[in-house]
Amino acid sequence: MEAAIGAANWLVGKLLNKLSDELVAAYVASSELGLNSEQIKTRLKYMQGLLHAAQDRDVSSNPGLQSLLEDLSKKADEAEDALDELHYFMIQDQLDGTQEAAPELGDGLHGLALHGRHAARHTIGNWLPCFSCSRTQDDVPSLPDAINNTHDATKSESGNDGGHVDKLSFDRVAMSNKIKTVMEEMNSICGPVSDLLKIENHSSTATSTTGTPKRPPTGSVVSQDKLYGRRAIFEQTVSALTGSTYLDENLSILPFVGPGGMGKTTFTQHLYNDKRIEGCFTVRVWVCVSTDFDVLNLTRQILRCIPAIEREEHKCTVETANLDQLQKSIAERLKSKRFLVVLDDIWKCNTESDWKNLLAPFTKGETKGSMVLVTTRFPFIAQMVKTTDPVELHGLEPNEFFKFFETCIFGLSKPGHYEDDLIDVARDIANKLKGSPLAANTVGRLLKKNHSREYWLGVLEKNEWKNAKDYDDIMPCLKISYDYLPFLLKKCFSYFSLFPEDYVFYNLEITSFWIAIGILDSSCQENNNYLEELVDNGFLIKGVDRSNVQYYVMHDLLHELSRSVSSQECVNISSLSFSFDDIPRSVKHLSITIEKIYDESFGEEIGKLKRMIDVSSLRSLMIFGLHGATIANILKYTFEEIKGLRVLIIAMNTLESLTNYFSNLFHLQFFKIRSPYPLKEITLPSTLSRLYHLKFLDLNHWSGSEKLPKDVSRLVNLRHFLSSKELHSNIPEVGKMKCLHELKEFNVKKEGVGFEMKELGELRELGGKLTICNLENVASKGEASEAKLRNKRNLKELRLVWGTKHQTVDDDVLDGLQPDANLRVLGIINPGVGPCPRWLCADIISTKRLESLHLEGLSWCPLPAFEQLPHLSRLTLKNVAGMTVFGPGFSGVTESSFMHLKTLEFEDMPELQKWVREPNSRLFSRLESIKLGGCPLLPFFPFLESSDLFTNLCSLHIDNCPVLSHFPPMPHASTLTDIRVKNGGSELLYDGKELIIEGYAGALAFHNMDKVEVMKIKDVSHISFSDLQLLNSLRSIHFKKCDDMFSAEMADSVVLPSVQNLGIEKLCITGELFSKILRCFSALSQLTIKKCESLELLYVDDGGLSGLKMLQSFTGFNCGNLFSRWPMGEVGGGAHAIKPFPTSLRELDIFLESSMKSMGLLSNLTSLTSLKLLACYELTMDGFNPLITVNLKKLTVYDMHPEEDNISIAGDLLSEIARSNFMNAGSFQLEEFVVDSISAVLTAPICRHLAASLHTLKFSSDQRAMTFTEEQEQALQLLSSFQHLEFHDCNNLQSLPKVLCGLSSLKRLTIWGCEKILSLPPEEGLPASLEILEVMYCSPEVIEQAEKLAERDPWFSVEIYE
């Protein structure tokens, strides 16, 4: 009932807002309706007051009131729809200068004429069926009767031909009757509801529903003997509590925070009872706070838990003492003791002073290191109480969680049939529980009742655990948090149910969504308070993306909770599995998640859904995921009557599939549309420009045509248009869109109308970033001033751009482009020769808040007075003519300048000769980033002279500054973690983790690079092996052309134990020296040798690479002599023969190695999982051991004998495998096979071996195959599991296999460089499972056929390269 009252109160409030619009109110009060709008509003306000008063009362026992509230909500919805539709036509009137929907306030001729014309039109009956988004009585004309036939009303419904779309017609009689009827019905319901509410509000039996939620008490005794998972964080916490981490503080507060059911209390109980903790804290206290944060009561509980001391000065009776006496007694008892207090399950703390008051007696002790541990599900409480970073507890790790889950079901004894019959179902159920220990307990109780597979599958499929009702079940536990929220936050939270799990929410999108469905007012758009409150209450988690933009995500179990609490109004269905029986008739908001696999039942079930619910009254339709033509047609048919949407999220594959969505969406406020593939022939519907209520339009993922409807500027209520700058710059007459908050780019155009500067002048709400291009088309200061940039207080970033061919001399256009003083970022690009604008060079007050300034392609004298920009943190000067000096004395620069400057960039400054500073000056020492590029005359800059002063420098980029020299040892400090120094052929690159040195002769400070993990060295000689020992984190190192770094005198003491990956390339070294080098790398697991032509691996015990016992991967490329010392043919000696590789090897790649002549060299490698043998022309099968293929997952063998057409070692290799007695069909594990012989693979014995595991088969460089024999076609069909088939450079192949359509698992087909193939199979000749077709560098005929396939079905991915 509380929900019904809240919903009715909310809807009445929305209706009052609609009636507050002056034009709408005037129409309602017009003579033709005969309604007293003020009386209606007064009655609604009275109703709203009664609802508000009753919102905290439990009146669920009154079914009559419940039913009336539902009727009231329904009528409020209908009234809002009607008034919204009326408002739509009023907007249309304003745009067209008509008075179709103008209120008639008297009996004038104009009003009679309007009314008569509409009455006659209504009588003729020239009306469309089914428009209204609300259900009305049969004798009340619905709004569909207010609109002409859709196809008559528009010139271009289904596409965008660049023309204007006609407006919809308005029927005054139908609209008047509709509004009058629904308002009278509202009025008739208000009376009875008001009477019942007055009775309930004064009833002595009504009780409050917002009282403190009941929580079970907790204690310190561990109910779960073993702590599952979280071992690392547990040990870290124990170490911190028992070590020195907190010993410097008298009292520290460590919160544990996480959603309900995540095991915070259990974790803390194990901490509390750990023997190491007991030994460090003399006194330990556990208090369950729960929802009652009463300082006096909590202080009493704490005192009871603290042992009394002898001769207590402040001894008192706990039950009767006041707070002062209690606190003095606690302080006295703890004075000389180190103590640990746990405050478990805190739900609220009214004020920070209450918290400090509770802690007061704990702060008086003489012993340091005391702790208070707090557990809470509310991040805002954790932030308020913490003195150290909170420990966040989310779901358990999957493996540990599953062990715990099994314990919840079986205890310590599992039934015998569990491993065979139940474990797979158990894993599927566990995956749904997202690591929640409480969820594991809930489901464990269900599963232990019945150990049959059928029962467990029922629990899995029906999610029965969601319906568990006990207080210690997961959903009731989480719902307590929901019940604790205010009504509006409950509504905000409930609508998250419409989005897929793990959806990433951004503030602008989700608040615009809430505004569109009416939860929030537009005034809430500028802040994220609601999101932050949900974060504070533990319902959302904040994160930051790669662009440093904040986002929010929701834990999966809380997402399930949102579905539960909104199930009567919001439904998310899956195209893979849903039943219309599960959908309530009351649903108003529907989202559909399209799965990759199509289920035939989807069309049938959604057809039933269409017949069951009122599709036209849906407020939201959100379709997530890509879908093919079949589902697109199903969706088109199902939602063709949809009219009442406020929110629409949809993907668009062809224009026809969405035609019906766009005709009459009067109410639409939020529209997100995307096209999955770059299909430029798909245009936005022309009816887009008729969505007058639209406030949020997201085309960020639109890949279709960049052509907008010509009259898109009719979207006069649009606030946020998210799209590419190309779409923004194509809006003609953008000045009509006065509510627009952002415009990425505006191009001034001479030709045509609608791209003049005056258009910008109308956009008073414009904020964010704006780039104005083609300013060479602006002729004067007056024309520039029409943009009114000075009035745009919300604008934060502005770029003013002239064309590169522009040669302005002394014009004053820039003076007319003065921005508002709130501007933070300014860029002026290519203005040419002329004076600096007065607002930047003289009246600096107008830009005093600038934080970033970019000047490029100009010749000004003087330049701006940079020292008068006190907040400047970034300065970029690029191609500034005539600038030879930068520093004190230049443009007013003094020692007090640049107090906040962090980033300084000079690019393409051919005349810059000096960057100076005073001796011992700290000017520029605050810089964090310096970038110098294209400064050929600059010999030095302050960093070279006094690098020790640049303690904040994090980034240094020097490029093409040939006379800069004498760099200090780099990096000069450990804080400098981004270096790029490139001059001529030398290069030094460093990002903190990776170091690349190529021909760079400067000194290096290896002691400042202890975080380096990857190092690449080329053409250097001044680095010694001993230097590398300073890089403690080094994992990978690659040497190229560095012969001088290696010598026979290398010290044996040099060891690099952290290096796991070694690469050498083009080194002139001997086998003896190489063996010595390898001894430096004791932990090597990956080795690559490329083009070391003189290197010969030693044929001795522990020679070659056999001494590298941890080696997992080896790549040898084009060396020529690696194995020249090793015996040809079969290696003798059996198992004890010398081999070049250790048995630990898992991956072996050998390319272009002529000295590789015998497979016997590999005979001990029975653990191989990947083997690649490419272009080893001398390789034979001598000594081949079939056991090396037993564990192979990937095998590549091709280009072996290019001169001998009939020879492929792959055939011999596969024949040996097939003949092996120990290799039974189905025992082979090969998953990916790349081979140069079609005939060698496509035989029945080989394909039977491969059938069970092979998923990728690539035929590369087979010059022999021309067609497929019947035997080969049959063998190919044996490969029942493979998903990717590729033909690569098979130059003589003339056709594809005929049996392709029978390969039911094939998902990807690639044809690369097979020019003699002249045709593709028809579409029906391709397997239904195929998702991707790649055609690259093939015949024109095949390219053309592939293009036609792509056109016929854009959802079928066809990738073409010519």
Side-chain angles (χ1 to χ4, degrees), residues 771-773 775-776 797-815 817-819 823 825-844 846-847 850-869 872-894 897-898 900-917 923-924 927 929-943 956-964:
T771 296
I772 307 176
C773 296
L775 281 166
E776 67 273 14
E797 299 186 25
L798 175 64
R799 292 179 76 245
L800 305 172
V801 183
W802 283 255
T804 54
K805 297 181 180 179
H806 172 59
Q807 296 295 328
T808 299
V809 178
D810 296 333
D811 69 17
D812 57 357
V813 169
L814 261 171
D815 280 329
L817 296 173
Q818 179 175 348
L823 194 72
V825 178
L826 174 64
I828 301 176
I829 319 297
N830 298 327
V833 179
C836 178
R838 283 185 289 274
W839 51 266
L840 185 59
C841 288
D843 183 18
I844 205 73
S846 60
T847 52
L850 271 185
E851 297 172 3
S852 175
L853 178 61
H854 179 122
L855 301 178
E856 177 179 346
L858 53 83
S859 178
W860 291 348
C861 187
L863 285 166
F866 301 119
E867 81 284 353
Q868 293 185 27
L869 299 173
L872 196 66
S873 63
R874 184 185 190 100
L875 175 62
T876 299
L877 301 176
K878 183 175 180 179
N879 192 19
V880 177
M883 180 175 167
T884 60
V885 180
F886 182 77
F890 164 77
S891 192
V893 174
T894 67
S897 301
F898 304 126
H900 298 282
L901 192 65
K902 296 180 179 179
T903 301
L904 183 58
E905 299 182 6
F906 293 132
E907 291 188 59
D908 298 326
M909 303 288 283
E911 299 173 65
L912 183 63
Q913 300 177 29
K914 293 182 180 181
W915 176 359
V916 299
R917 67 179 183 90
L923 182 64
F924 306 119
L927 284 174
S929 175
I930 298 174
K931 183 176 181 180
L932 304 176
C935 303
L937 303 181
L938 186 65
F940 62 88
F941 64 105
F943 172 75
L956 177 64
H957 287 200
I958 311 291
D959 193 357
N960 193 23
C961 299
V963 297
L964 279 178

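Predicted model only: the values in this text are computed from it and were never measured.
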Task: H957, K931, K878, R874 screened by side-chain hydrogen bond (donor to acceptor under 3.5 Å, both in side chains) with E905, the one that passes - done: R874

Open item on the list: Can you tell me how far apart CG (L932) and CG (N960) are? Round to the nearest 0.5 Å.
Closed with: 11.5 Å

Task: Check: L901 and L927 side chains under 4.5 Å, non-hydrogen atoms - done: yes

Open item on the list: Using 0.5 Å steps for rounding, measure from the SG atom of C961 to the CZ atom of F906.
Closed with: 11.0 Å

TODO: Drop me the distance from S873's OG to K902's NZ, to the nearest 0.5 angstrom.
DONE: 6.5 Å

Task: Under 3.5 Å: donor-acceptor pair, side chain of E776, backbone of G803 - done: yes

TODO: Indicate yes or no: at least one non-hydrogen side-chain atom of W860 is less than 4.5 angstrom from one of V880.
DONE: no

Task: Non-hydrogen atoms of L798 and P819 that approach each other most closely - done: CD2-CB, 4.0 Å

Task: Any side-chain heavy-atom pair of V963 and L937 under 4.5 Å - done: no

- [ ] Of all the heavy-atom pairs spanning P837 and D815, show the shortest one and how long it is.
- [x] CA-OD1, 3.3 Å

Task: Spacing of CG belonging to L877 relative to CG belonging to L912, to within rounding of 0.5 Å - done: 9.0 Å

Task: Any W802 side-chain heavy atom under 4.5 Å of C773 side chain - done: no

Task: Those residues that, when tested against E856, pass side-chain hydrogen bond (donor to acceptor under 3.5 Å, both in side chains) (two or more places apart) - done: H854

- [ ] Please examine the side chains of S929 and L904, heavy atoms only from C-beta on, and report whether any two atoms are closer than 4.5 Å.
- [x] no

Open item on the list: Tell me the closest heavy-atom pair linking P831 and G857, and the distance in Å.
Closed with: CD-O, 3.4 Å

Open item on the list: If the test is side chain to side chain contact (heavy atoms under 4.5 Å, CB included), which one of L817, V813, N830 qualifies with L800?
Closed with: L817

TODO: Calculate, to the nearest 0.5 Å, the distance between atoms CG and CD belonging to L823 and Q818 respectively.
DONE: 11.0 Å

TODO: Pick out which of L826, L872, L855, T847 makes a side chain to side chain contact (heavy atoms under 4.5 Å, CB included) with P864.
DONE: L855

Task: Over all atoms of both residues, closest heavy-atom pair of P936 and P962 - done: CA-CD, 3.8 Å

TODO: Indicate the atoms forming the closest heavy-atom contact of P939 with Q913, along with that distance.
DONE: CD-O, 3.1 Å

TODO: Compare all side-chain heavy atoms of M883 with those of M909 and state whether any distance is below 4.5 angstrom.
DONE: yes

Open item on the list: Is the shortest side-chain heavy-atom distance between T771 and V801 below 4.5 Å?
Closed with: yes

- [ ] Identify, with sequence neighbours excluded, every residue that meets side-chain hydrogen bond (donor to acceptor under 3.5 Å, both in side chains) alongside N879.
- [x] none

- [ ] Identify, with sequence neighbours excluded, every residue that meets side-chain hydrogen bond (donor to acceptor under 3.5 Å, both in side chains) alongside R799.
- [x] none

Open item on the list: Once rounded to the nearest 0.5 Å, what's the spacing between atom CG of L875 and atom CG of L869?
Closed with: 9.0 Å

TODO: Check step by step if side chain to side chain contact (heavy atoms under 4.5 Å, CB included) holds for L858 and V833.
DONE: CA-CA 6 Å; L858 53 83; V833 179; over 6 Å; no

Task: Parallel, tilted or perpendicular, as decided by the 30° and 60° cut-offs, for the rings of F941 and W915 - done: parallel

